[in-house]
Student: 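Structure incoming, see below.
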Amino acid sequence: MGLSSLCLIIVSIYILSTIVLFHLVVANSLQSYNTPTCHDNEIYALLQFKQSFVIDMSASDYEGAYPKISSWKSNSSCCSWDGVECDEKTGHVIGLDLSSSCLYGSFSSNNTLFSLVHLQRLNLAYNDFIGSEVPTSIRNFPRLRYLNLSYSAFSGHVPSEVRQLSKLSSLDLSRNYAMFSNEELLRSLAQNLTGLQTLDLSSINISSTVPDTLTNLSLLTSLILDDCGLSGKLPKRIFKLQNLKVLSVSYNPAFTGYFPDDYSGSSPDLMSLKLSSTNFFINLPSLIERFPSLKELGVRSCNISEGPVPLSLGNLRDLIYLDLSYNKFNGQVPLSLGNLRDLIYLDLSFNKFNGQIPTATLVNLTQLTYLSLSNNYFHGSVPQSLFNLMNLQNLYLGYNNLSGTVEFQKFLNLQKLTELDLSNNNLELLAESRFLNNATTVLPKFESLGLGGCNIREFPDFLRSQEALLQLDLSGNKLQGQVPKWMRNISTQALQYINISHNFLSGFEKTAAALPWPNLEFLDLSFNMFRELLLLPLTSFRYYNIANNNLTGQVSPMICNMTSLEYLDLSNNKLIGDLPQCGRNFSVYLEYLKLGNNSFHGNLPQSYFNGSNLRMMDISHNSFQGQLPRSLANCASLESLVLSHNNFGDTFPVWLGALPELKILKMDHNVFYGVILKHDKKNLQFPMLRILDLSYNDFSGQFPFEYIFSGNGTISVTHDLEYYHFYSMSSGYYSITIICKGVERYYSRVREDLILIDISSNNFEGNIPEYIGKLQGIWSLNLSNNILTGRIPSSLSNLSRLESLDLSHNKLSSEIPQQLAQLDSLSKFNVSHNNLTGPVPRGIHFTTFDSTSYLGNQGLCGDFLPKKCGNSVGSQFPPSTSEDNDSGSGIELDWKFVVAGSGSGLLVGVVVADFVITKWNVWFIEIVAVLIVFSKRIRN
């Protein structure tokens, strides 16, 4: 190589290096230009903000959540940090998006975040600020245009400083369930934030009307006020907002409204309308005609007239969301719904649809991800077209009249399916096949399976491969023997809900000390043949029902470790012994406790009632004794207390009168004793009591009606068909056994308008007060088997709903008030074995009561009694079987028929006989008198 060549190479390398260096300098300059330098004070503020919270992955319950602040380092520009946005010219932080960042901790007003005064966008949604109030320092962001604090566990009053953010165009404070405000919030937002385009305050307790001034927000495109406790009417001018695209006011049951009669000029581009669970009056055909561009329509549980779904619904061809559930739609699902080819969500549940599931409609709905047809009257088989909806994720067909066999392998087509409910039909599920057991078969990854009442005889083998199940319902099948050992291996980290009730199961195969599901919250084993009480020492455990089995032995102290328990039902077994003394370990969250019909004895532990959440307790038909735990006075939410058929020996618990929600108190068949003392304190007067049963005890003295029933419980009746119910991961009804019209009856559901007083079989004495006539809602009143004296109060005639009245076996005197004849509802009446005199009331009902209702009152007289009253009273004759001949009535009845028949022939005799049968006695005598005169004239 020559010298010239070497020089050429050196020159070339120099030129190339120079070019590369030039490009690096330019690139670095461009990078410096594109990434502005963050200000030191803002870096410090953000790093201090980072230090004020801890990272907790459970703090963001949102798919894709991750801790964005983990990437924040002091040796780099904050403008490059995850979630941080800077102004390109000034370098100031103008945007902060820390949504779903797993932030956990308290949020204070002196947080360094509020020194970022140039912020224009702030998103802290989907974190957990553990009940912090929204800091008043929020006012430090005068440039803020976008604020999202939703789903972040804020609480307290919405600060008035929010209204100072006058540049806001988007405000979202939704789903902070412990936050509250009032109408002033909406009014001030409308007055000060005139540039608002989107407003979402869902689940903030506003508890007010919607002010008309809200309609002044002319730029508003989205208004969402779901579950805000709204009342009154939605201003009609809302529908005149020209830019409005989204309106949602669902789940405000006291909120009503009408669509304007004149639709002209109203929200022409409205795309989402959700009015579910409100009291809106909806003319569905008119609504469909006015808003043809709707993409979302939710009218679940609204004021819609009963009838078929309008065919015109098929004209809303842009719909992707349709919820018609919980209404009174009937007939068949219209084929026009098949026009909605873009539909993703369809809910027709809880209506009265009938016929077969429409195959022709479903064929076209290939985009569906959610389909609910449950709780209707569909019959026939499960259509094949369902198995072609490849995008389905949620399918609910439960509680219909579907029949036939369903091969589970068909669901293999629906690989996206995560929730399936076929429960409570007449289906037979075939879950065993070679396809399901094939190692190469790919099953859907279910999260919820409802297979109750599907005639399944063995635990489905396909469950072995399920690892993500959250809920499993196999109740009401034909499962028998033991739960197989392999079931303990399914979804061990996921399973939260198991219901295998109403089968023929006797236990778990090779039961270990504890079941293997650490996150289990709900377990229903009721109505089986289990012999061993499984106790689960899980802090997550909330609902446990093992009633109606063959359990024996004592309850283990392990029950004390169930510190999150809300519902416990051990009733109808053969359990014995004392209940464990749990000290302060027993669950303070307990709402429902049912231990009835066992053989428990001893004292009831005080520790079971340290919490204030208890709503219902039934410990009837045991052998508990001693005094009632005074800790029951802590249970301010208690609605029903059933202590029947035990050996409690105590005075009347006047201190229970302070419980504001107590409606049912059954203390019958115990050894309670003594005089029930009156208290002047108004907070001890049982304000809501509706059912009181003190029968078969040893109470004495006068019963203080005015004291115990001075509240509204028995005076005003506001419900006709509502039932006492509970919700604790599962819904149900209160049940009760009462003596009704002399017969003991079990009620699986108790109506809220059922008002009953039974103080029979005690030693109560004194008069029945006239005050009792003020308890106008009473349905059954039993004062029998006491030592009551004096008159029967005429005010009883005010009890218009009274169906059963038992005053027997007392020492009542004087006459039965004639006003009681006004009680049209009365069907059971008993005043036997008193000292009553005079005539029985002449009402129609009183002639239908059995004569035993009046036995043991020698002074009573009446038509159907051995003793007859004078003509002035209107009593004429006894039953034909009477042996009392004092008035010659033993042959009087036959004589009347003979005269009637001979006087005017068979027809008149039959007609008059009908009067006798229906007991219209006064009219009968007058007719007979006329016929006798008429007969004599004919003979003459």
Side-chain angles (χ1 to χ4, degrees), residues 121 123 125 145-148 150-151 167-175 186 189-190 193-204 206 210-228 230 233-252 255 257-260 262-278 280 282-300 302 312-324 340-347 367 370:
R121 297 175 57 84
N123 188 349
R145 298 182 181 278
Y146 175 93
L147 177 61
N148 188 346
S150 62
Y151 290 94
K167 293 185 180 297
L168 272 182
S169 62
S170 179
L171 175 62
D172 188 349
L173 304 178
S174 65
R175 310 302 172 180
L186 295 176
L189 293 181
L193 309 186
T194 55
L196 267 183
Q197 296 178 24
T198 64
L199 176 62
D200 190 348
L201 302 178
S202 298
S203 297
I204 293 179
I206 299 176
V210 175
D212 286 337
T213 53
L214 202 64
T215 61
N216 295 334
L217 298 175
S218 58
L219 300 179
L220 204 61
T221 62
S222 177
L223 176 62
I224 305 177
L225 299 174
D226 297 337
D227 188 28
C228 288
L230 299 177
K233 294 182 180 180
L234 179 71
K236 286 185 178 181
R237 287 202 301 149
I238 286 287
F239 294 102
K240 297 294 184 180
L241 295 174
Q242 295 298 298
N243 297 302
L244 193 64
K245 291 180 171 58
V246 176
L247 175 63
S248 184
V249 291
S250 297
Y251 304 104
N252 292 289
F255 196 46
Y258 301 84
F259 290 97
D262 179 15
Y263 279 106
S264 60
S266 60
S267 304
D269 297 322
L270 191 67
M271 293 189 299
S272 178
L273 178 61
K274 295 183 178 179
L275 307 173
S276 295
S277 296
T278 63
F280 255 76
I282 297 175
N283 183 324
L284 201 52
S286 177
L287 184 152
I288 293 168
E289 180 182 357
R290 180 59 195 91
F291 301 113
S293 300
L294 280 177
K295 290 181 176 293
E296 297 182 326
L297 176 61
V299 289
R300 167 191 175 112
C302 281
S312 58
L313 189 59
N315 296 335
L316 300 179
R317 295 175 182 266
D318 294 330
L319 273 184
I320 60 173
Y321 176 100
L322 178 60
D323 187 353
L324 303 180
L340 311 180
R341 295 175 180 268
D342 294 330
L343 207 58
I344 295 174
Y345 183 106
L346 176 60
D347 193 345
Q367 303 302 312
Y370 183 104

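Both backbone and side-chain heavy atoms feed into the values below; hydrogens, waters and symmetry mates do not.
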Student: Say you draw a straight line from CG of L171 to CG of L193; how long is it, rounded to the nearest 0.5 Å?
Tutor: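 Going from CG on L171 over to CG on L193, the span is 7.0 Å.
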
Student: Checking side chain to side chain donor-acceptor pair (under 3.5 Å) for the pair S150/R175: CA distance, chi angles, key distance, verdict?
Tutor: CA-CA 6 Å; S150 62; R175 310 302 172 180; over 6 Å; no

Student: Check the pair L294, L287 against side chain to side chain contact (heavy atoms under 4.5 Å, CB included), reporting the backbone distance first and the verdict last.
Tutor: CA-CA 10 Å; L294 280 177; L287 184 152; 3.9 Å; yes

Student: Scan the side chains in residues 312-324 for donor-acceptor partners under 3.5 Å anywhere in the protein, sequence neighbours excluded, and list what turns up.
Tutor:
| from | atom 1 | to | atom 2 | distance (Å) |
| --- | --- | --- | --- | --- |
| N315 | ND2 | S312 | O | 3.4 |
| D323 | OD1 | S325 | N | 3.0 |
| D323 | OD1 | S325 | OG | 2.7 |

Student: Can you name the side-chain hydrogen bond (donor to acceptor under 3.5 Å, both in side chains) partners of S174, sequence neighbours left out?
Tutor: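 With sequence neighbours excluded, S174 shows a side-chain hydrogen bond (donor to acceptor under 3.5 Å, both in side chains) to D172, given in chain and number order.
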
Student: Would you check if the side chain of N243 reaches a backbone N or O of S218 as a donor-acceptor pair within less than 3.5 Å?
Tutor: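 Side chain of N243 to backbone of S218, a donor-acceptor pair under 3.5 Å: yes, one is there.
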
Student: Donor-acceptor pair, distance only, cut-off 3.5 Å: does the side chain of D212 make one with the backbone of R237?
Tutor: no

Student: Measure the shortest side-chain to side-chain distance between L201 and L186 over non-hydrogen atoms and say whether it is less than 4.5 angstrom.
Tutor: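 Contact flag for L201/L186 side chains = yes.
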
Student: What is the minimum heavy-atom distance between L270 and V246, and which atoms define it?
Tutor: CD1-N, 4.1 Å

Student: Is the backbone of T198 close enough, under 3.5 Å, to the side chain of S222 for a donor and an acceptor to pair up by distance?
Tutor: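 No; zero donor-acceptor contacts below 3.5 Å.
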
Student: So which atom in F239 and which in Y258 form the shortest heavy-atom distance, rounded to 0.1 Å?
Tutor: CE1-O, 4.3 Å

Student: Return the minimal non-hydrogen interatomic distance between S276 and C302, and the atom names on each side.
Tutor: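 Here S276 and C302 meet closest at CA-SG, 4.1 Å.
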
Student: Taking T221 for its side chain and Q197 for its backbone only, find out whether a donor-acceptor pair lies under 3.5 Å.
Tutor: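 Here the side-chain-to-backbone pair exists.
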
Student: L241 and side-chain contact (heavy atoms from CB on, under 4.5 Å): which partner among L217, L223, L214, L220?
Tutor: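 Among the candidates, only L220 passes.
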
Student: Tell me the closest heavy-atom pair linking L199 and L196, and the distance in Å.
Tutor: CD1-CD1, 4.3 Å

Student: C228 and side-chain contact (heavy atoms from CB on, under 4.5 Å): which single residue from I224, D226, L230 fits?
Tutor: L230

Student: Can you tell me how far the OG atom of S250 sits from the CG atom of N252, to the nearest 0.5 Å?
Tutor: 8.0 Å

Student: Between atom CG of D227 and atom OG of S248, what is the distance when rounded to the nearest 0.5 Å?
Tutor: 10.5 Å

Student: I'd like to check the side-chain hydrogen bond (donor to acceptor under 3.5 Å, both in side chains) partners of S272; sequence neighbours left out, ordered by chain and number.
Tutor: E296

Student: Of all the heavy-atom pairs spanning F255 and K233, show the shortest one and how long it is.
Tutor: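 Heavy atoms only, the tightest pair is CE1-C, 3.6 Å.
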
Student: So, taking the atom named CG in L297 and the one named NZ in K274, what distance separates them when rounded to the nearest 0.5 Å?
Tutor: 10.0 Å

Student: Atom CG of D269 and atom CZ of F291: how far apart are they, to the nearest 0.5 Å?
Tutor: 11.0 Å

Student: Where is the tightest heavy-atom contact between I282 and F259, given as atom of each residue plus distance?
Tutor: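 Residues I282 and F259, closest heavy atoms: CG1-CE1, 4.2 Å.
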
Student: Find the distance between CG (N283) and CZ (R290) and round it off to the nearest 0.5 Å.
Tutor: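 Reported value, rounded in 0.5 Å steps: 14.0 Å.
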
